[in-house]
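We count residues from 1, following the sequence as given. Scope of the values below: all heavy atoms of this structure, side chains included, with no hydrogens, waters or symmetry mates. Note that the structure is a prediction, hence the values are computed from the model and not measured. Both counts, for ligands and for their atoms, begin at 1 and track the order of listing.
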Amino acid sequence: MLRALIWDVDGTVAETERDGHRVAFNIAFEARGLPWRWDVAHYGQLLLVTGGRERLLHDMATRADAPAGAHERETLARELHRIKNVAYAERVAQGGITPRPGVLRLVDECRAAGVVLAVATTTSRSNVVALFTSIWGPTWEEIFSAVVCAEDAPVKKPHPHAYLLALQRLGLGAHEALALEDSPGGLVAARAAGLACGVTKSAYFADAAFDGAVWVRDDLDAPPAMTLKQLQDTLAGSIKAS
Ligand code: XBP
Ligand code: MG
């Protein structure tokens, strides 16, 4: 029986990366007087590194003008990441990022049916607060029973930490929940936690392989729209098959 739907955030709830996080990283570089800029294609490659701070450290390792010492790099990455998250929250508050098709509908369907909603993301809590406040308003926390962010689960996807913690906080077994993801790393994380996982492909992972997903589609509203009934059937089918 489907008791909970566990949402990834970036790429799944909204297309946050190209026009949200990426732009905010560039604002942070500029604010610190750095000549670095991440264009759309380069950012797509960097997205294989989960976590914004980790992404910055990975990119610095390829730059001759990055600080030489590990401690200095870590300090700079933390500072850039902090500025980036503030810039991201400002952009989101301006209304620049909207939910992906079908997200609002499916959340409403779950709430009406008593299916619990949760979040398992590698993004920082401040980013989730900014995005969910802009989508569902200041009382969004009443909608989501468990919200696991980077601060709660520092071992990032594709490690299952965030999903395992979400299940623990919900008090549910993996067979009672379904994960929704957009990226191969997110899918691996959900599967490693024992969860069945559906994928709505996001812009940066449109051509990726999603072996092991219970379904893969362009978005939740792409015809025929993904309904709660179908999610329930998906979970029942995946349990029968396992
Ligand atoms: C996506 C990520 C994050 C975001 C940026 O997480 O990997 O790093 O790109 O957010 P998910 P931070 O798909 O699991 O939501 O800078 O806060 O890491
Ligand atoms: Mg994602």
Participant: When you look for protein heavy atoms under 4.0 Å from ligand 1, which residues do they belong to?
Facilitator: Asp8, Val9, Asp10, Glu17, His21, Tyr43, Thr50, Gly51, Gly52, Arg55, His81, Lys84, Asn85, Thr121, Thr122, Thr123, Ser124, Asn127, Lys157
Participant: Verify whether one side chain among Asp59 and His42 offers a donor that lies under 3.5 Å from an acceptor in the other.
Facilitator: yes
Participant: Tell me, please, if Asp8 has any N/O/S atom, main chain or side chain, under 2.8 Å from the Mg ion (ligand 2)?
Facilitator: yes
Participant: What angle, to the nearest 10°, do the atoms O (Asp10) and OD1 (Asp182) form about the Mg ion (ligand 2)?
Facilitator: 90°
Participant: With no hydrogens and no angle check, is any side-chain donor or acceptor of Arg3 less than 3.5 Å from a backbone partner on His175?
Facilitator: no
Participant: Any chance the side chains of Asp219 and Thr200 put a donor and an acceptor closer than 3.5 Å?
Facilitator: no
Participant: Taking NZ, NE, NH1 and NH2 as the nitrogens, is one of them in Asp207 or Lys201 under 4.0 Å from a carboxylate oxygen of the other?
Facilitator: no
Participant: Are Tyr204 and Gln45 close enough, and set up right, to give a side chain to side chain donor-acceptor pair (under 3.5 Å), and what steps lead you there?
Facilitator: CA-CA 9 Å; Tyr204 270 119; Gln45 288 158 6; over 6 Å; no
Participant: Evaluate the ring planes of Phe25 and Trp38, with Trp represented by its six-membered ring, and classify them as parallel (under 30°), tilted (30 to 60°) or perpendicular (over 60°).
Facilitator: tilted
Participant: With a 4.0 Å cut-off on N to O distance, would you call Glu54 and Lys156 a salt bridge?
Facilitator: yes
